[in-house]
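Below: the structure, in structure tokens.
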Amino acid sequence: QTAKTLNDDLGNLNQAISAANSAKSTPNYTEADPDKQKALEGALSAAKTAKTSNDPSAVEQATTDLKAAQSGLNGDSNLATAKEQADQHIAKLPNLSDGQKDIAKQNISNAQTTSDVQQAEQTAKTLNDDLGNLNQAISAANSAKSTPNYTEADPDKQKALEGALSAAKTAKTSNDPSAVEQATTDLKAAQSGLNGDSNLATAKEQADQHIAKLPNLSDGQKDIAKQ
């Protein structure tokens, strides 16, 4: 009878060992607190030792301890908490559209590790910051369009600014931080490339030279003309 009981208990122990080994490849183990991972390792080691025991009660105890250690794993809980906190942070990012927030939250939901969650959250934060910079660049470019530096610029340079502005507005819907950063860089470059102020200064300088050569104007008349 003792042998039969031992046999049955060892069967249960082997199942518990198999289940515990399987659990080690799941997030519930990989994302668990270190002490809870260590508890499972200790219970597994004791269980393997108990497989050589002739005492049914020792085998039963090892099985109970191993199941308890596996039940004590909290990786799933840790991952869920990390995702919940990340979602709350995403919701507060002011420059993301609802669509961009939804995609960020989906990336967080799909994460299998807390590290992946942190990476997804960081990408969303980077996108938020980049969109803030893009919005400032769009505002500055729109303001520039009402200045002589734009209105007197060469047509190709005006066209370059218009193209960069259009691309920037499209980039506002992007979920790729690098695309937003590139659009911002291009827009700033197009604005810096405007040469209206330079064109106007050149035109004034040339006009002054022509006035200086007019033979019938007095110095006073020339001064007023230049003014």
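We're numbering straight along the sequence, starting at 1. None of these values were measured; they are calculated from a predicted model.
Look at D87 and K83 and you find no salt bridge, because none of the NZ, NE, NH1 or NH2 atoms lies under 4.0 Å from a carboxylate O.
Applying the salt bridge (Lys or Arg N to Asp or Glu O under 4.0 Å) test to pairs two or more places apart or on separate chains, none has a residue in residues 96-107. The salt bridge (Lys or Arg N to Asp or Glu O under 4.0 Å) pairs that include a residue from residues 28-49 are K24-E41, where partners are two or more places apart or lie in different chains.
If you chain together ILVMFWY residues whose side-chain heavy atoms come under 4.5 Å of each other, I103 ends up in a group of its own. The other members of the hydrophobic cluster of I17, by chain and number, are L6, L10, L13, Y29, L40, L44, V59, L66, L73 (side-chain heavy atoms under 4.5 Å, ILVMFWY only).
Checking T26 against N28 by side-chain atom types alone, no donor-acceptor pair falls below 3.5 Å. Checking D176 against S174 by side-chain atom types alone, no donor-acceptor pair falls below 3.5 Å.
Taking D76 as the reference, nothing meets the side-chain hydrogen bond (donor to acceptor under 3.5 Å, both in side chains) condition, with sequence neighbours excluded. Residues passing the side-chain hydrogen bond (donor to acceptor under 3.5 Å, both in side chains) test with K92, sequence neighbours excluded: none. Remark: T49 pairs with no residue by the side chain to side chain contact (heavy atoms under 4.5 Å, CB included) rule, at least two apart or across chains. Contacts of Q136 classified as side chain to side chain contact (heavy atoms under 4.5 Å, CB included), with partners at least two apart in sequence or in another chain: N133. When the side-chain hydrogen bond (donor to acceptor under 3.5 Å, both in side chains) test is applied to D65, the partners found at least two apart in sequence or on another chain are Q61. A search for side chain to side chain contact (heavy atoms under 4.5 Å, CB included) contacts involving Q112 returns P27, D116, not counting sequence neighbours. Legend: residues meeting side-chain hydrogen bond (donor to acceptor under 3.5 Å, both in side chains) with Q158, ordered by chain and number and at least two apart, are absent. With sequence neighbours excluded, the residues that form a side chain to side chain contact (heavy atoms under 4.5 Å, CB included) with T81 are S77, Q85.
In this structure, the separation between OG1 on T123 and CD1 on I108 is 9.5 Å, given to the nearest 0.5 Å. Here E121 contributes atom CD and Q118 contributes atom CD; the two are 8.0 Å apart, rounded to the nearest 0.5 Å.
The shortest non-hydrogen separation linking A137 to T184 is CB-CG2, 4.0 Å. Residue L96 comes nearest to Q100 through the heavy atom pair CA-OE1, 3.5 Å, listed as atom of the first residue, atom of the second, then distance. Looking at every heavy atom in both residues, A190 comes nearest to A164 through CB-CB, 3.8 Å. In terms of heavy-atom proximity, A82 sits nearest to V117 at O-CG1, 3.7 Å. Nearest heavy atom pair, residue A50 against residue A62, reads CB-CB, 3.6 Å.
Of the possible polar contacts, none joining the S166 side chain to the G163 backbone as a donor-acceptor pair under 3.5 Å is found. Formation of a donor-acceptor pair under 3.5 Å by the N195 side chain with backbone atoms of A153 is not found in this model.
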Q: With side chain to side chain contact (heavy atoms under 4.5 Å, CB included) as the test, would you mind laying out the steps for K51 and N14 before giving the verdict?
A: CA-CA 8 Å; K51 284 181 68 173; N14 285 332; 3.2 Å; yes

Q | Derivation of the salt bridge (charged side-chain N to carboxylate O under 4.0 Å, His left out) call for K125 and D129 | A | CA-CA 6 Å; K125 286 181 176 178; D129 292 343; over 6 Å; no

